[in-house]
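Single-structure report; data block below.
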Protein chains: 2
Amino acid sequence: MMNPLDVTRSMMDGLGADGDTCVKCGSRSLGLCAPLDAATLDDMATDSERVSLEARAPIFHQGDEARYVYTLTDGTARLMRVLPDGRQAAIGFRFSGDILGFTPSEEHAFGAEMLTDGMVCRMERRRLEQLFRRYPLLERRFLDLCSRELAQSQEHIMALGRFTAEERVAAFLLSLVDAQRRRGHKGPVFDLPATRADIGEFLGLTLETVSRAISVFRRRNLICLHGHSGIEMLNEGALIALGTGEGQDAA
Amino acid sequence: MMNPLDVTRSMMDGLGADGDTCVKCGSRSLGLCAPLDAATLDDMATDSERVSLEARAPIFHQGDEARYVYTLTDGTARLMRVLPDGRQAAIGFRFSGDILGFTPSEEHAFGAEMLTDGMVCRMERRRLEQLFRRYPLLERRFLDLCSRELAQSQEHIMALGRFTAEERVAAFLLSLVDAQRRRGHKGPVFDLPATRADIGEFLGLTLETVSRAISVFRRRNLICLHGHSGIEMLNEGALIALGTGEGQDAA
DNA sequence: CGCTCTTTTGACAGCATTCAAGCAGAGTGG
DNA sequence: CCACTCTGCTTGAATGCTGTCAAAAGAGCG
């Protein structure tokens, strides 16, 4: 067992918060303990448990009883939804520090699985709800978190409904870059923790279409690939123009 | 000024709750005042204001300061998001009793406009936040609400990413039917408060494609139109098979 | 009845998918 | 160190769904 406070910290942190590293806690962090006092934090450190997972391992399945709330402490995961006939779509990516599987309903509306090797820290959801009652500030944090996820979903809806294939891929690459920068990444080379098929399942495209879009970007010298999992941003402005819906008249 | 309690009631109610009519309040309602006592309700009745709106009138714009929280007390509205180049998409529909424009952030991430003539009841968002502090139960309600919206968004993401045009239109019709049933509607003829263009902007399709899908349903005797704004469900099972992702092998 | 807005339908074009083949990088074992 | 293999990526050609453009029909309203 490493540090059970990770759950707490990430909950305070929320999606993609910008953070320094917290000496006491050991991994990426916050300034988010701030709203809570030490006693509260100690209180929350109980009943959480770390689990190590391999790439492609499920964290929880769609339809599972929502017994635990998870913090992704290391690695990248994706949220999946499946249809009765087997078609499936990724509805989001989650990175180190993000919260997974928090829902007020009885069961998980979607599944979560690792894309890379990694680690999660889980806490009983009942325990979390007890904490809500004791520390109202905590509940407020979760409301913010939920509404930020909602905003993300709406961006995604815009992309799926109105973007061309190239625009969607550009938007996805930018969101990856953003997530890594928020986690302290420096320099122009980023990690690409998803296969073309993974990306396609997120963007509502086939893997071939994703590949073609990336090839186009490469030919235009907007990006440069370093092996299968490294991507260098050569012309971020042009990608932004594509990926934020600025239309044809872009750089 | 009619009944300012409407804001309160709807907040308690949330999205598409199933309700009887509350005698005291005059319009559709709840059993949701239940978790709060009379003093709380009186408290919330202050500082809310009713506004009457015509079809196509904006309720608030994307980017506006999020000063008010609204309850749609009568009519149908849609939530819109626009891209820098002018492309726009509807990200949701809202019906009588639903809440609009609640967000913890400083400005509205999307706009809202009426589809029909109707009425909203608005309350200062600062006032609401004061009430959160005083009545923690209220905040809990909003968290539930937010997470229900999130689930809706995810359904929509699946539809946009994986459904064909016909499946999307079927899913949309079913969601309309569901919303009206939850509000006490009886019988097989439902109201269609949106033009083909409105539906297309929600489903990521053109108005012609929506029209063709509806024509196909008509030819298969799944539905029957009554003028421009009435739709009768003749074979709901077949529409469900289409609109819930049961694939080709459906009835 | 005549106006206008919405819907329907048709013909054609275009973008993404499908199917198929070849390529490249990483790991394995001789 | 070099095949060998596996997996993921790239590219090509053809199909098909949806978009685009255009015209006609229908519904609602004064």
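So you know, we letter chains A, B, ... as the sequences are listed, proteins then strands, and number each from 1.
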For [N], take OP1 and OP2 only and decide whether either is under 4.0 Å from a side-chain N or O of [X].
{"X": "A/Arg168", "N": "C/dC15", "answer": "no"}
{"X": "A/Ser215", "N": "D/dT11", "answer": "yes"}
{"X": "B/Arg218", "N": "C/dT7", "answer": "no"}
{"X": "A/Thr209", "N": "C/dT17", "answer": "yes"}
{"X": "A/Arg196", "N": "D/dC9", "answer": "yes"}
{"X": "A/Arg212", "N": "D/dG12", "answer": "no"}

The residue, A/Gly227 or A/Gly204, whose nearest nucleotide of DNA chain C is more 5′ is A/Gly204
Hey, which sits more toward the 5' end of DNA chain C by its nearest nucleotide, B/Ala194 or A/His228?
B/Ala194
For A/Ile214 and C/dC23, what is the distance between atoms CD1 and P respectively, to the nearest whole Å?
21 Å
Just to be sure I understand the rule, does [X] reach a base, reach only the sugar-phosphate, or reach nothing, if contact means heavy atoms closer than 4.0 Å?
{"X": "B/Gly230", "value": "nothing"}
{"X": "A/Leu203", "value": "nothing"}
{"X": "A/Leu205", "value": "sugar-phosphate"}
{"X": "A/Ser211", "value": "base"}

What's the verdict on side-chain contact (heavy atoms from CB on, under 4.5 Å) for B/Ile214 and B/Leu225, showing C-alpha distance, side-chain angles and the deciding distance?
CA-CA 9 Å; B/Ile214 289 179; B/Leu225 298 183; 4.1 Å; yes
Donor-acceptor pair between B/Asp198 and B/Thr195 side chains, under 3.5 angstrom
yes
Value for CZ (B/Phe163) from CD (B/Glu155), rounded to nearest 0.5 Å, stands at 8.0 Å
Would you please classify the geometry between the A/Tyr70 ring and the A/Phe60 ring as parallel, tilted or perpendicular, with 30° and 60° separating the classes?
parallel
